[in-house]
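Values below: every heavy atom of this structure, side chains too, minus hydrogens, waters and symmetry copies. Here is how names work: the chains are called A, B, and so on, in the same order as the sequence lines, proteins then strands, and each is numbered from 1.
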Amino acid sequence: MTPTPLRLHDSLRNQKVPFEPLEPGKVGMYVCGPTTYAPAHIGHAFSAIAFDTIRRGLMFLGYQVKFVRNVTDVDDKIIKRASEQGEDPMVMAARFTAEYNRDMARFNVLPADLEPKVSGHIPQIIAIIERLIANGKAYESAGDVYYAVATFPAYGKLSGQDIAELRDGASKRVDAQDTRKREPADFALWKAAKPGEPSWDSPWCKGRPGWHIECSAMTVTHLGATFDIHGGGKDLIFPHHENEIAQSQGADGEGTFARYWLHNGFLNFDGVKMSKSLGNVFNCGEIADVVGGEALRFFCVQHHYQSSVEFETEPIKDAAGETTGVIFRSLEAADRRLNYFYETLQRIDDKVAAAGGDPGSGAVLAEIESLVADSRAALADNFNTPIVVAAMEKVASTANRLIDQPKGLDKLLVLRTLIRCARDLRTIGAAVGVFTSKPPSYLAERRARLVKKFGIDVAAVDRLILERATARKDKDFARADVIRGELEAMRVKMIDSPTGTTWRVDEPS
RNA sequence: GGAGCCAUCGCCAAGUGGUAAGGCAGUGGUCUGCAAAACCACCAUCCCCAGUUCAAAUCUGGGUGGCUCCUCCA
């Protein structure tokens, strides 16, 4: 299959450009992963989902993707946190790494093809530092090794920063340790370890790598000196990605390293940045428990990966006015829409099963035929997933119409069209990471989640529904409506149909 | 102080030179014992001002408002 040509927004050129992989049909992609010193929060998920969507999009468009996402398991923050908790840093990092991967799986983030760790790449890191020293780009100072920013003229190109300005900015923050640097903007490639800290032998001192160098070492190890796509959060542009470029090109020469830079936008909470001081940092586990992992995934897919996104929350307060929790309005809305799609898929499956299955090949209604092609075009235009969602909305509403009001249409045509709707919705859903569950399983999980959340007594609901059915049979509609009122007070809404009464839990919107 | 991003219907959100996707909410309708769900219909000229152009939400300049980075914060 010939891959579909695509255009993507390259941060370095700051514009949408045609994507031309090094090797036709193949994509080598590297994304900055987590530093594992704490449970993953929703920002980590947001970035991981963005690049998982891009990866899936590339695969859907016909590219063979090698997806590398690193784990920073050696880092000052890890050492600090582990020391505070009296835990071994490497053990703690391994624990949070496993937790990170479990969390991301709940958002339908596929495992990376490779998940390199700093601790497993010390020789490669030392090798690249040695190359940098040999090239005159780095210098040793009291056991530490620093990158000499002044030796790399292109420094600042990615972030649009002027190196003179950076010097001014950095010089305001000089502290005692910085006297080891030639100039404040220089950054550490290797730093000496204190007793008890994780450390490795090196030509300079027993120590550990600086933060930035790991990515340069891992990309060249696993993707080669030059590769296709490098991704990460917008906040990493400076200094992290700027430093990566300086390191890799300093070691391997001009024109090497990432050929396209992709950066995902940030999550804003009610207009402000997420930060611990504002108390709006939410862990992935909490989010997935409260609204379901796929709801966050769907929410992300409803937005463009590059845009910053508004995220509406509302504190839950007890009688005394104390905050006891938080309501994720945006995610609840996304989950309701996701529920609509799953219910639609369920209805199609039921209808098809009732009709005796697939009637074989033949024409389908033209209005649903373009979903796959339209989605392909949208994804090929810088991974425009909101357009994909809009196209899926159209197919879902058509499917529902065919189920409810198939009047005047050939039965086999309707059946074939419905089968095609379901098949294409699942195909396109998978291309962006949604609708991956079986509808009964999603619907059951959602109900269980909401039943638990609102403390609904399922046995009582079933009893009341039976009572109401009896009342309706007796034409005692007054009684039936009283029962409905009682159920609605429990947040239970009934859906009457020719085959009986089902119910759903409704969140206040 | 330096760099950059953004401003589209009540809310969320695509579109970045050719005459405003989609969702939520709202209104009217079909269906229903009544509802709900589902479906159908209606629902914005794009922050302000000035330019460029046959044509601008989309380009340029100015203004206003918001956000981010320059602090190993995704």
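Taking only side-chain atoms of Ala390(A), from C-beta outward, the nucleotide of rA14(B), rA21(B), rA74(B) with the closest atom is rA21(B). Residue Lys16(A) places its side chain closer to rU16(B) than to any other of rA74(B), rC40(B), rU16(B). The Pro386(A) side chain lies nearest to rA21(B) when the options are rG15(B), rA21(B), rA38(B). Of the candidates rG33(B), rC40(B), rA38(B), rG33(B) carries the atom nearest the Arg472(A) side chain, counting heavy atoms from C-beta on. Counting only heavy atoms from C-beta on, Asp496(A) has its side chain closest to rC34(B) among rC70(B), rC34(B), rA74(B). In the set rG4(B), rG23(B), rA21(B), rG4(B) carries the atom at the smallest distance from any side-chain atom of Asn14(A). With distances taken from any side-chain atom of Arg484(A) to the nucleotides rC34(B), rC69(B), rA74(B), the minimum falls on rC34(B). Among the nucleotides rA14(B), rA38(B), rG22(B), the one closest to any side-chain atom of Glu393(A) is rG22(B).
Using N1 to N3 plus N6-O4 or O6-N4 for Watson-Crick, or N1-O2 and O6-N3 for G-U wobble, each under 3.5 Å, rG10(B) pairs with rC24(B). Nucleotide rA38(B) forms a Watson-Crick or G-U wobble pair with rU30(B), both donor-acceptor distances falling under 3.5 Å. Base pairing of rG4(B) is made with rC67(B), judged by Watson-Crick or G-U wobble geometry with both donor-acceptor distances under 3.5 Å. Across the strands present, rC46(B) finds no partner; the criterion is a Watson-Crick or G-U wobble pair with both atom distances under 3.5 angstrom.
Taking only side-chain nitrogens and oxygens, Ser308(A) never comes nearer than 4.0 Å to OP1 or OP2 of rC5(B). Residue Asn400(A) places at least one side-chain N or O under 4.0 Å from the OP1 or OP2 atom of rC39(B).
Residues His263(A) and Gln306(A) have side chains that never bring a donor and an acceptor to within less than 3.5 angstrom of each other.
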Per-pair distances, 0.1 Å, donor-acceptor, side chain in residues 209-219 of chain A, under 3.5 Å, sequence neighbours excluded:
unit_1: His212(A); atom_1: ND1; unit_2: His240(A); atom_2: ND1; d: 2.9
unit_1: His212(A); atom_1: NE2; unit_2: Asn243(A); atom_2: ND2; d: 3.1
unit_1: Glu214(A); atom_1: OE1; unit_2: Thr72(A); atom_2: OG1; d: 3.3
unit_1: Glu214(A); atom_1: OE2; unit_2: Asn70(A); atom_2: ND2; d: 2.7
unit_1: Glu214(A); atom_1: OE2; unit_2: Thr72(A); atom_2: OG1; d: 2.8
unit_1: Ser216(A); atom_1: OG; unit_2: Glu244(A); atom_2: O; d: 3.3
unit_1: Ser216(A); atom_1: OG; unit_2: Gln247(A); atom_2: OE1; d: 2.8
unit_1: Ser216(A); atom_1: OG; unit_2: Ser248(A); atom_2: OG; d: 2.9
unit_1: Thr219(A); atom_1: OG1; unit_2: Cys215(A); atom_2: O; d: 2.9
unit_1: Thr219(A); atom_1: OG1; unit_2: Ser216(A); atom_2: O; d: 3.1

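For Tyr100(A), the ring-ring contact (aromatic ring centres under 6.0 Å, His included) test picks out no residue, with sequence neighbours left out.
Put simply, the side chain of Glu369(A) reaches to within 4.5 Å of the side chain of Val364(A), judged on heavy atoms.
With rounding to whole Å, Leu331(A) atom CG is found 15 Å from rC12(B) atom P.
Comparing Val309(A) and Lys493(A), the nucleotide of RNA chain B nearest to each residue sits closer to the 5' end for Val309(A).
Using the six-membered ring where Trp is involved, Tyr305(A) and Phe383(A) have ring planes that are perpendicular, over 60° apart on the 30 and 60° scheme.
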